[in-house]
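Heads up: numbering here begins at 1 and tracks the sequence. When a ligand or atom number is given, it counts from 1 through the structure's own listing order.
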Amino acid sequence: MKAIRVTTFGDPAVMQIEDVPPLAAEDGQVVVEVKAAGVNPVDAYMRSGQYMISVDLPYTPGIDAAGIVKAVGRQTRRFRPGDRIYVTASLSGTYAQDALCTEEQIFPLPQSLTFEQGAAIGVPYGTAYRGLFTKARALAGETVLIHGASGGVGLAALQLAKSAGLTVIATAGTARGLELLTKEGADHALDHSQTGYLSRITDITQGRGVDIILEMLANVNLGEDLKIAGRNGRIVVIGCRGPVMINPRDTMSRDLVILGLSMMNLSTDEKRKVYVSLEEGFKTGKLAPVVGRQFPLAAAPAAHEAIMGRGAYGKIVLIP
Ligand code: NAP
């Protein structure tokens with residue numbers, strides 16, 4: 001079985017494809033034949049050795065995937081060999097031909113979705129759902145700014161917000177990304193690479209400001225976010241790559257709330273509730289992951305360069 005292995009932290013080239021021993025499922029576990037693995041920014045942070053949670057070396061990267069159940073342990077009840085599933089976490093890492101998971105880490109993959117789409121669900125849709133509903137408590141009729149909407153989490157949030165009846169202002173940094181946002185149903189698409197783009201928010205909201213901001217790059221935007229949120233606005237910090245200067249006074253005049261979020265904090269039960277809540281949307285087609293670039297497993301280093309680069313366009317996946 002081939003897997004990507006990291007034996008030392010560092011740049012993308014530390015990821016090497018290797019032959020590793022086959023996996024065996026114990027009680028309550030399954031071996032998944034990985035058809036596609038999702039590439040998330042957190043995979044790159046972990047590989048670089050600079051993530052807030054330490055990882056033991058050597059390891060196989062990857063949190064998300066989709067595939068087919070290949071083998072089950074004796075006390076495994078919910079899944080059988082041949083089932084189409086998506087993976088939201090694993091015991092062995094998902095950048096591999098096979099992954100070992102507990103039953104709680106996998107969910108049925110709706111027939112309407114491809115494996116590549118299934119690999120785009122775990123972290124992105126889980127994060128978007130939590131940000132929008134658990135943290136910001138979004139309601140139909142409210143306006144959300146998805147600040148960084150052309151990537152995995154942002155597009156998931158866009159689809160979730162539209163299907164829940166919100167008005168969506170979404171941002172991207174390329175013409176192609178902006179086109180995608182409009183195609184996916186954004187009411188307004190703004191270019192975050194242009195100076196002064198946030199001044200449009202006043203007109204769009206007729207001076208009220210936005211109710212919710214889902215922020216993908218807080219170290220750049222949080223200070224300005226505080227100026228464009230409306231009364232009782234909720235700002236959810238999803239992505240942040242460094243410190244930022246803000247004026248806390250900006251939170252006072254409109255009773256703003258800044259909320260942090262990490263998918264790593266979810267209990268198994270909380271996670272199950274999130275993914276079960278998404279099921280109906282996938283079945284009805286209101287939620288349909290957008291897959292962008294696809295790389296063969298051995299090109300994991302190039303996939304990490306891409307996920308950390310500019311010009312996001314949907315989900316990046318690896319094909320074993
Ligand atoms: P992604 O697919 O790489 O997308 C990155 C997004 O950020 C793109 O839409 C990109 O737009 C946008 N962006 C770039 N420059 C920006 C700017 N100046 N202002 C606003 N947005 C900007 O990554 P992702 O999977 O969607 O994740 C987004 C962020 O959330 C990452 O930092 C990730 O680490 C974090 N995250 C956190 C959690 C958590 O548990 N807290 C979970 C998942 C993800 P363009 O490329 O079009 O410029």
Side-chain angles (χ1 to χ4, degrees), residues 37-48 50-53 62-64 88-89 119-132 134-136 144-160 168-182 184 186 189-198 201 210 213-225 228 235-242 244 258-266 270-271 274 289-294 303-317:
V39 176
N40 289 295
V42 67
D43 305 342
Y45 310 153
M46 284 181 179
R47 184 221 67 235
S48 72
Q50 285 160 10
Y51 191 56
M52 55 186 171
I53 297 169
I63 297 169
D64 293 339
T88 65
I121 296 175
V123 171
Y125 279 79
T127 304
Y129 183 93
R130 277 196 82 206
L132 206 48
T134 315
K135 294 289 170 182
V144 58
L145 168 66
I146 304 173
H147 216 165
S150 46
V153 178
L155 285 164
L158 167 48
Q159 294 173 359
L160 282 163
V168 175
I169 306 168
T171 79
T174 63
R176 199 167 158 254
L178 289 163
E179 256 173 51
L180 177 62
L181 302 186
T182 305
E184 289 295 312
L190 306 181
D191 185 345
H192 54 232
S193 72
Q194 299 289 313
T195 311
Y197 68 100
L198 288 173
I201 302 274
V210 291
I213 300 176
L214 299 185
E215 182 51 65
M216 305 302 155
L217 203 56
N219 52 301
V220 173
N221 297 321
L222 189 58
E224 290 305 307
D225 287 344
I228 54 166
I235 298 156
V236 186
V237 176
I238 293 176
C240 186
R241 294 182 179 170
V244 59
I258 303 171
L259 299 144
L261 174 167
S262 171
M263 280 303 279
M264 300 294 173
N265 291 331
L266 279 192
E270 287 169 321
K271 252 186 149 177
V274 168
V290 177
V291 177
R293 296 179 70 185
Q294 302 187 28
H304 273 207
E305 301 279 7
I307 194 77
M308 295 306 286
R310 305 287 311 273
Y313 191 91
K315 186 76 215 165
I316 296 173
V317 297

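The protein non-hydrogen atom at the shortest distance from atom 5 (C) of ligand 1 is A312 CB, 4.5 Å. The protein heavy-atom contact nearest to atom 28 (C) of ligand 1 is M216 SD, 3.8 Å.
Interface of A172 with ligand 1, defined as ligand atoms under 4.0 Å from a residue heavy atom, comprises 47 (O). If you number the atoms of ligand 1 from 1 as listed, the ones under 4.0 Å from a heavy atom of V153 come out as 24 (P), 25 (O), 26 (O), 27 (O), 43 (C), 44 (C). The distance from ligand 1 to the heavy atoms of R241 drops below 4.0 Å at these ligand atoms: 31 (C), 32 (O). Each of the following atoms of ligand 1 lies closer than 4.0 Å to a heavy atom of G239: 29 (C), 30 (O), 32 (O), 35 (C).
Inter-residue side-chain proximity for I238 and R130 is flagged as unmet; no heavy-atom pair is nearer than 4.5 Å. For the pair V144/L158, no side-chain contact is recorded, criterion being any heavy-atom separation below 4.5 Å from C-beta on. The shortest distance between side-chain heavy atoms of I63 and V42 falls below 4.5 Å.
Using modelled atom types, one side-chain atom of K271 and one backbone atom of T88 make a donor-acceptor pair closer than 3.5 Å.
The part of L217 lying near ligand 1 is the side chain, judged by heavy-atom distances below 4.0 Å. Of the heavy atoms in V123, only side-chain atoms (C-beta onward) come closer than 4.0 Å to ligand 1. At a heavy-atom distance under 4.0 Å, only side-chain atoms of T127, from C-beta outward, approach ligand 1. Contacts between M263 and ligand 1 below 4.0 angstrom, taking non-hydrogen atoms only, involve backbone and side chain alike. Contacts with ligand 1 closer than 4.0 Å are made by heavy atoms of both the backbone and the side chain of I307.
Nearest-residue assignment for atom 48 (O) of ligand 1 (options R130, R176, H192; heavy-atom criterion): H192. Proximity annotation for atom 39 (C) of ligand 1: of L261, N40, L155, L261 comes nearest, heavy atoms only. Among P41, G292, G131, the residue whose heavy atom lies closest to atom 23 (O) of ligand 1 is P41. Remark: among candidates G148, A128, G122, the nearest residue to atom 12 (C) of ligand 1 is G148, based on non-hydrogen atoms.
In terms of N/O distances under 3.5 Å, ligand 1 is not approached by S262. Not one N or O of Y197 is nearer than 3.5 Å to an N or O of ligand 1, by distance alone. On a distance-only criterion, G311 and ligand 1 share at least one N/O pair closer than 3.5 Å. Polar contact check, G173 against ligand 1: a nitrogen or oxygen pair lies under 3.5 Å apart. In terms of N/O distances under 3.5 Å, ligand 1 is not approached by M264. Note: no N/O pair closer than 3.5 Å links V220 and ligand 1 by distance alone.
Between H192 and H147, the ring planes lie tilted relative to each other; the angle falls in the 30° to 60° range.
In this structure, P124 falls outside the shell of residues with a heavy atom less than 4.0 angstrom from ligand 1. Within the structure, ligand 1 has Y45 among the residues with a heavy atom less than 4.0 angstrom away. Residue contacts with ligand 1: G177 is excluded, as none of its non-hydrogen atoms falls under 4.0 Å.
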